[in-house]
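Since the structure comes first, as C-alpha coordinates, the remarks are kept for the end.
In each ligand, atom 1 is the first atom listed, and ligand 1 is the first ligand listed. Counting begins at 1 with the first residue of the sequence.
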Amino acid sequence: MPDKIGYMFQQETKHWRDRPGGGMVDWRKKPSPYKEYAGSEEIALPAFPIPAATVEWCIRTRRSIREYSPEPVSLAQISFMLWASTGLRERTGSYEFRTAPSAGALYPIETYLLVNNCSGLKNGIYHYSVRRHSLETVKQGDFGEMLAHASLGQSMCAEAPCVFMWSAVFGRSEWKYKDRAYRYVYLEAGHIAQNLALAAVSLGLGTCQIAAFFDDEVNKLIGLDGAEESVIYMSSVGRPA
Ligand SMILES: Cc1cc2nc3c(=O)[nH]c(=O)nc-3n(C[C@H](O)[C@H](O)[C@H](O)COP(=O)(O)O)c2cc1C
(Lines give C-alpha, C1' and ligand atoms only; values in the text may rest on other atoms or scores of the structure.)
Protein backbone atom coordinates (compact mmCIF):
# COMPACT_ATOMS: atom_id res chain seq x y z
CA MET A 1 0.00 0.00 0.00
CA PRO A 2 2.60 2.70 0.89
CA ASP A 3 4.13 2.52 -2.60
CA LYS A 4 0.79 2.98 -4.37
CA ILE A 5 0.36 6.41 -5.95
CA GLY A 6 -3.22 6.83 -4.69
CA TYR A 7 -2.23 6.08 -1.10
CA MET A 8 0.80 8.36 -1.34
CA PHE A 9 -1.28 11.17 -2.80
CA GLN A 10 -3.84 10.92 0.00
CA GLN A 11 -1.13 10.94 2.68
CA GLU A 12 1.03 13.66 1.14
CA THR A 13 -1.87 16.06 0.60
CA LYS A 14 -3.23 15.87 4.16
CA HIS A 15 -2.98 18.87 6.44
CA TRP A 16 -0.76 17.86 9.38
CA ARG A 17 -0.56 19.92 12.57
CA ASP A 18 3.15 19.11 12.98
CA ARG A 19 4.16 19.98 9.40
CA PRO A 20 4.42 23.46 7.91
CA GLY A 21 1.71 24.46 5.47
CA GLY A 22 1.99 25.20 1.78
CA GLY A 23 4.06 28.39 2.05
CA MET A 24 3.38 31.92 0.84
CA VAL A 25 0.77 32.78 -1.77
CA ASP A 26 1.80 35.44 -4.28
CA TRP A 27 -1.43 37.40 -4.73
CA ARG A 28 0.02 39.29 -7.69
CA LYS A 29 0.10 36.02 -9.61
CA LYS A 30 -3.49 34.97 -9.01
CA PRO A 31 -4.57 33.19 -12.24
CA SER A 32 -7.61 34.36 -14.19
CA PRO A 33 -10.60 32.02 -13.73
CA TYR A 34 -11.66 32.60 -17.34
CA LYS A 35 -10.51 30.93 -20.53
CA GLU A 36 -11.30 32.72 -23.77
CA TYR A 37 -11.37 31.49 -27.36
CA ALA A 38 -10.53 34.83 -28.92
CA GLY A 39 -11.67 35.13 -32.52
CA SER A 40 -13.93 32.08 -32.42
CA GLU A 41 -17.53 32.20 -33.62
CA GLU A 42 -19.66 33.03 -30.58
CA ILE A 43 -23.24 31.85 -30.05
CA ALA A 44 -25.38 33.86 -27.65
CA LEU A 45 -27.39 31.75 -25.23
CA PRO A 46 -31.07 32.68 -24.92
CA ALA A 47 -33.01 33.47 -21.78
CA PHE A 48 -34.54 30.38 -20.21
CA PRO A 49 -37.79 29.75 -18.33
CA ILE A 50 -37.26 28.63 -14.72
CA PRO A 51 -38.55 25.04 -14.27
CA ALA A 52 -41.28 24.50 -11.69
CA ALA A 53 -40.02 21.12 -10.40
CA THR A 54 -39.12 20.93 -6.70
CA VAL A 55 -35.63 20.00 -5.52
CA GLU A 56 -37.13 17.01 -3.70
CA TRP A 57 -38.70 15.73 -6.95
CA CYS A 58 -35.49 16.26 -8.93
CA ILE A 59 -33.39 14.41 -6.35
CA ARG A 60 -35.92 11.56 -6.21
CA THR A 61 -36.21 11.30 -10.00
CA ARG A 62 -32.53 11.51 -10.98
CA ARG A 63 -30.97 8.28 -12.16
CA SER A 64 -28.34 7.50 -14.77
CA ILE A 65 -29.87 7.61 -18.25
CA ARG A 66 -27.92 5.80 -20.98
CA GLU A 67 -30.57 5.56 -23.72
CA TYR A 68 -32.03 8.66 -25.29
CA SER A 69 -34.99 9.54 -27.48
CA PRO A 70 -34.10 11.05 -30.91
CA GLU A 71 -35.63 14.37 -29.79
CA PRO A 72 -33.12 17.24 -29.94
CA VAL A 73 -32.26 19.34 -26.92
CA SER A 74 -33.09 23.03 -27.43
CA LEU A 75 -30.70 25.96 -27.10
CA ALA A 76 -32.83 27.35 -24.25
CA GLN A 77 -32.45 24.04 -22.38
CA ILE A 78 -28.70 24.13 -22.96
CA SER A 79 -28.63 27.73 -21.77
CA PHE A 80 -30.36 26.77 -18.52
CA MET A 81 -28.17 23.70 -17.92
CA LEU A 82 -24.93 25.63 -18.50
CA TRP A 83 -26.03 28.38 -16.15
CA ALA A 84 -27.31 25.98 -13.49
CA SER A 85 -24.18 23.83 -13.59
CA THR A 86 -21.55 26.57 -13.45
CA GLY A 87 -22.89 29.94 -14.63
CA LEU A 88 -22.51 33.28 -12.87
CA ARG A 89 -24.67 33.71 -9.79
CA GLU A 90 -23.58 37.07 -8.41
CA ARG A 91 -21.15 39.93 -8.99
CA THR A 92 -19.86 41.64 -5.84
CA GLY A 93 -17.31 44.36 -6.58
CA SER A 94 -14.61 42.67 -8.61
CA TYR A 95 -15.65 39.19 -7.44
CA GLU A 96 -17.82 36.93 -9.55
CA PHE A 97 -19.40 33.90 -7.96
CA ARG A 98 -20.83 30.91 -9.77
CA THR A 99 -23.71 28.50 -9.17
CA ALA A 100 -21.35 25.75 -7.91
CA PRO A 101 -18.93 26.25 -5.02
CA SER A 102 -15.18 26.49 -5.60
CA ALA A 103 -12.31 26.34 -3.11
CA GLY A 104 -11.06 29.93 -2.74
CA ALA A 105 -13.42 30.94 -5.59
CA LEU A 106 -10.61 30.03 -8.01
CA TYR A 107 -12.86 28.14 -10.44
CA PRO A 108 -10.45 25.65 -12.05
CA ILE A 109 -13.11 23.81 -14.10
CA GLU A 110 -13.85 24.63 -17.75
CA THR A 111 -16.95 23.33 -19.55
CA TYR A 112 -17.04 22.06 -23.13
CA LEU A 113 -20.10 20.84 -24.97
CA LEU A 114 -20.13 18.16 -27.66
CA VAL A 115 -23.27 18.60 -29.72
CA ASN A 116 -24.82 15.68 -31.60
CA ASN A 117 -28.42 16.86 -31.89
CA CYS A 118 -29.44 20.26 -30.56
CA SER A 119 -31.90 22.62 -32.25
CA GLY A 120 -30.27 25.98 -32.96
CA LEU A 121 -26.68 24.62 -32.78
CA LYS A 122 -24.59 22.98 -35.46
CA ASN A 123 -22.96 19.72 -34.45
CA GLY A 124 -19.51 20.27 -33.02
CA ILE A 125 -17.55 21.12 -29.91
CA TYR A 126 -18.10 24.37 -28.02
CA HIS A 127 -16.55 26.08 -25.00
CA TYR A 128 -18.79 27.73 -22.41
CA SER A 129 -17.89 31.35 -21.77
CA VAL A 130 -19.02 31.75 -18.16
CA ARG A 131 -18.46 35.49 -18.15
CA ARG A 132 -20.57 36.19 -21.25
CA HIS A 133 -22.95 33.23 -20.89
CA SER A 134 -22.30 32.24 -24.48
CA LEU A 135 -20.78 29.38 -26.45
CA GLU A 136 -17.50 29.74 -28.29
CA THR A 137 -17.04 27.44 -31.26
CA VAL A 138 -14.03 25.14 -30.87
CA LYS A 139 -14.79 23.17 -34.05
CA GLN A 140 -17.81 22.08 -36.07
CA GLY A 141 -18.56 18.58 -37.30
CA ASP A 142 -19.77 15.19 -36.10
CA PHE A 143 -17.52 14.07 -33.26
CA GLY A 144 -19.91 11.83 -31.28
CA GLU A 145 -18.51 8.55 -32.63
CA MET A 146 -14.97 9.71 -31.88
CA LEU A 147 -15.97 10.55 -28.32
CA ALA A 148 -17.69 7.17 -27.94
CA HIS A 149 -14.53 5.44 -29.20
CA ALA A 150 -12.41 7.48 -26.76
CA SER A 151 -14.84 6.55 -23.97
CA LEU A 152 -14.26 2.81 -24.14
CA GLY A 153 -17.03 2.37 -26.70
CA GLN A 154 -19.77 3.98 -24.61
CA SER A 155 -22.28 4.60 -27.39
CA MET A 156 -24.28 7.13 -25.37
CA CYS A 157 -21.57 9.66 -26.26
CA ALA A 158 -22.71 9.43 -29.89
CA GLU A 159 -26.41 8.87 -29.21
CA ALA A 160 -27.10 11.56 -26.59
CA PRO A 161 -28.09 14.97 -28.02
CA CYS A 162 -25.11 16.47 -26.19
CA VAL A 163 -22.27 15.63 -23.84
CA PHE A 164 -20.88 18.05 -21.25
CA MET A 165 -17.11 17.65 -20.87
CA TRP A 166 -15.30 19.19 -17.91
CA SER A 167 -11.59 19.92 -17.81
CA ALA A 168 -9.41 21.11 -14.94
CA VAL A 169 -6.96 23.98 -15.35
CA PHE A 170 -4.88 22.71 -12.43
CA GLY A 171 -2.70 25.83 -12.07
CA ARG A 172 -5.65 27.99 -11.02
CA SER A 173 -6.01 26.04 -7.78
CA GLU A 174 -2.40 24.88 -7.45
CA TRP A 175 -1.35 28.53 -7.23
CA LYS A 176 -2.90 28.65 -3.73
CA TYR A 177 -3.40 25.08 -2.54
CA LYS A 178 -0.30 23.37 -3.99
CA ASP A 179 -0.73 19.58 -4.34
CA ARG A 180 -3.88 19.61 -2.21
CA ALA A 181 -5.50 21.45 -5.14
CA TYR A 182 -5.79 18.12 -6.94
CA ARG A 183 -8.32 17.01 -4.35
CA TYR A 184 -10.32 20.18 -4.84
CA VAL A 185 -10.62 20.12 -8.62
CA TYR A 186 -12.23 16.68 -8.56
CA LEU A 187 -14.61 17.69 -5.78
CA GLU A 188 -15.57 20.77 -7.75
CA ALA A 189 -16.26 18.82 -10.93
CA GLY A 190 -18.60 16.68 -8.84
CA HIS A 191 -20.49 19.74 -7.63
CA ILE A 192 -20.91 21.00 -11.18
CA ALA A 193 -21.97 17.61 -12.50
CA GLN A 194 -24.59 17.19 -9.79
CA ASN A 195 -25.96 20.67 -10.48
CA LEU A 196 -26.25 19.63 -14.12
CA ALA A 197 -27.90 16.31 -13.27
CA LEU A 198 -30.61 17.98 -11.18
CA ALA A 199 -31.12 20.84 -13.65
CA ALA A 200 -31.53 18.31 -16.49
CA VAL A 201 -34.13 16.35 -14.50
CA SER A 202 -36.05 19.56 -13.83
CA LEU A 203 -36.37 19.94 -17.65
CA GLY A 204 -37.57 16.35 -18.14
CA LEU A 205 -34.10 15.32 -19.39
CA GLY A 206 -31.63 12.80 -18.01
CA THR A 207 -27.86 12.51 -17.65
CA CYS A 208 -25.21 9.86 -17.18
CA GLN A 209 -21.87 10.65 -15.57
CA ILE A 210 -18.88 9.40 -17.53
CA ALA A 211 -15.40 9.02 -16.08
CA ALA A 212 -14.27 5.98 -18.10
CA PHE A 213 -12.38 7.40 -21.07
CA PHE A 214 -8.93 7.56 -22.58
CA ASP A 215 -8.02 10.97 -21.20
CA ASP A 216 -5.63 12.07 -23.90
CA GLU A 217 -7.92 10.94 -26.72
CA VAL A 218 -10.64 13.23 -25.34
CA ASN A 219 -8.06 15.98 -24.73
CA LYS A 220 -6.96 15.72 -28.35
CA LEU A 221 -10.56 15.90 -29.55
CA ILE A 222 -11.10 19.15 -27.63
CA GLY A 223 -7.60 20.50 -28.28
CA LEU A 224 -6.29 20.41 -24.70
CA ASP A 225 -2.65 19.72 -23.82
CA GLY A 226 -3.51 17.16 -21.11
CA ALA A 227 -0.95 18.69 -18.73
CA GLU A 228 -1.91 22.25 -17.79
CA GLU A 229 -5.50 21.48 -18.72
CA SER A 230 -6.98 18.01 -18.90
CA VAL A 231 -10.48 16.59 -19.20
CA ILE A 232 -11.58 14.94 -15.94
CA TYR A 233 -15.31 14.21 -16.17
CA MET A 234 -18.20 14.15 -18.61
CA SER A 235 -21.97 13.81 -18.64
CA SER A 236 -24.27 12.80 -21.49
CA VAL A 237 -27.61 14.62 -21.66
CA GLY A 238 -30.92 14.04 -23.41
CA ARG A 239 -34.56 13.03 -23.09
CA PRO A 240 -34.84 9.49 -21.69
CA ALA A 241 -35.87 6.94 -24.36
C1 LIG B 1 -17.42 9.28 -10.78
C2 LIG B 1 -18.44 8.53 -11.58
C3 LIG B 1 -18.08 7.96 -12.79
C4 LIG B 1 -19.02 7.28 -13.56
N5 LIG B 1 -18.65 6.82 -14.79
C6 LIG B 1 -19.57 6.17 -15.55
C7 LIG B 1 -19.24 5.75 -16.86
O8 LIG B 1 -18.12 5.97 -17.36
N9 LIG B 1 -20.19 5.10 -17.56
C10 LIG B 1 -21.44 4.85 -17.07
O11 LIG B 1 -22.25 4.26 -17.77
N12 LIG B 1 -21.79 5.27 -15.83
C13 LIG B 1 -20.89 5.94 -15.07
N14 LIG B 1 -21.25 6.41 -13.83
C15 LIG B 1 -22.65 6.23 -13.36
C16 LIG B 1 -22.78 5.15 -12.29
O17 LIG B 1 -22.64 3.88 -12.86
C18 LIG B 1 -24.14 5.31 -11.60
O19 LIG B 1 -24.20 6.59 -10.99
C20 LIG B 1 -24.40 4.24 -10.56
O21 LIG B 1 -24.59 2.96 -11.18
C22 LIG B 1 -25.62 4.54 -9.70
O23 LIG B 1 -26.80 4.64 -10.49
P24 LIG B 1 -27.68 5.96 -10.59
O25 LIG B 1 -26.82 7.07 -11.10
O26 LIG B 1 -28.80 5.62 -11.54
O27 LIG B 1 -28.18 6.30 -9.22
C28 LIG B 1 -20.34 7.11 -13.06
C29 LIG B 1 -20.69 7.68 -11.86
C30 LIG B 1 -19.77 8.40 -11.12
C31 LIG B 1 -20.21 9.06 -9.83
task = Can you measure from CG (L205) to CD (Q77) and round to the nearest 0.5 angstrom?
result = 5.0 Å
Extract all N/O-N/O pairs under 3.5 Å that connect ligand 1 to the protein, and present each with both atom names and the distance rounded to 0.1 Å.
unit_1	atom_1	unit_2	atom_2	d
ligand 1	5 (N)	A211	N	3.2
ligand 1	8 (O)	Q154	NE2	3.2
ligand 1	8 (O)	A211	N	3.2
ligand 1	8 (O)	A212	N	3.2
ligand 1	9 (N)	Q154	OE1	2.8
ligand 1	11 (O)	R66	NE	2.7
ligand 1	11 (O)	R66	NH2	3.4
ligand 1	11 (O)	Q154	OE1	3.4
ligand 1	12 (N)	R66	NH2	3.2
ligand 1	12 (N)	Q209	O	3.3
ligand 1	14 (N)	Q209	O	3.3
ligand 1	17 (O)	R66	NH2	3.1
ligand 1	19 (O)	S64	OG	3.4
ligand 1	25 (O)	R62	NH1	3.0
ligand 1	25 (O)	R62	NH2	3.4
ligand 1	25 (O)	S64	N	3.4
ligand 1	25 (O)	S64	OG	2.6
ligand 1	26 (O)	S64	N	2.8
ligand 1	27 (O)	R62	NH2	2.8

Per-pair distances, 0.1 Å, donor-acceptor, side chain in residues 37-44, under 3.5 Å, sequence neighbours excluded:
unit_1	atom_1	unit_2	atom_2	d
Y37	OH	K35	NZ	3.1
Y37	OH	Y112	OH	3.3
S40	OG	Y37	O	2.9
E42	OE2	R132	NE	2.7
E42	OE2	S134	OG	2.5

inquiry  = Is there a continuous path of hydrophobic side-chain contacts, each under 4.5 Å between heavy atoms, that joins L224 to F143?
reply    = yes
query = Step by step, would you call S236 with Y68 a side-chain hydrogen bond (donor to acceptor under 3.5 Å, both in side chains)?
reply = CA-CA 10 Å; S236 52; Y68 298 95; 2.8 Å; yes
message = Between E229 and R172, is the side-chain contact (heavy atoms from CB on, under 4.5 Å) condition met? List the steps.
response = CA-CA 10 Å; E229 180 178 359; R172 286 186 198 156; over 6 Å; no
message = Hydrophobic clustering (ILVMFWY, side-chain heavy atoms < 4.5 Å, transitive) - are I192 and I222 grouped together?
response = no
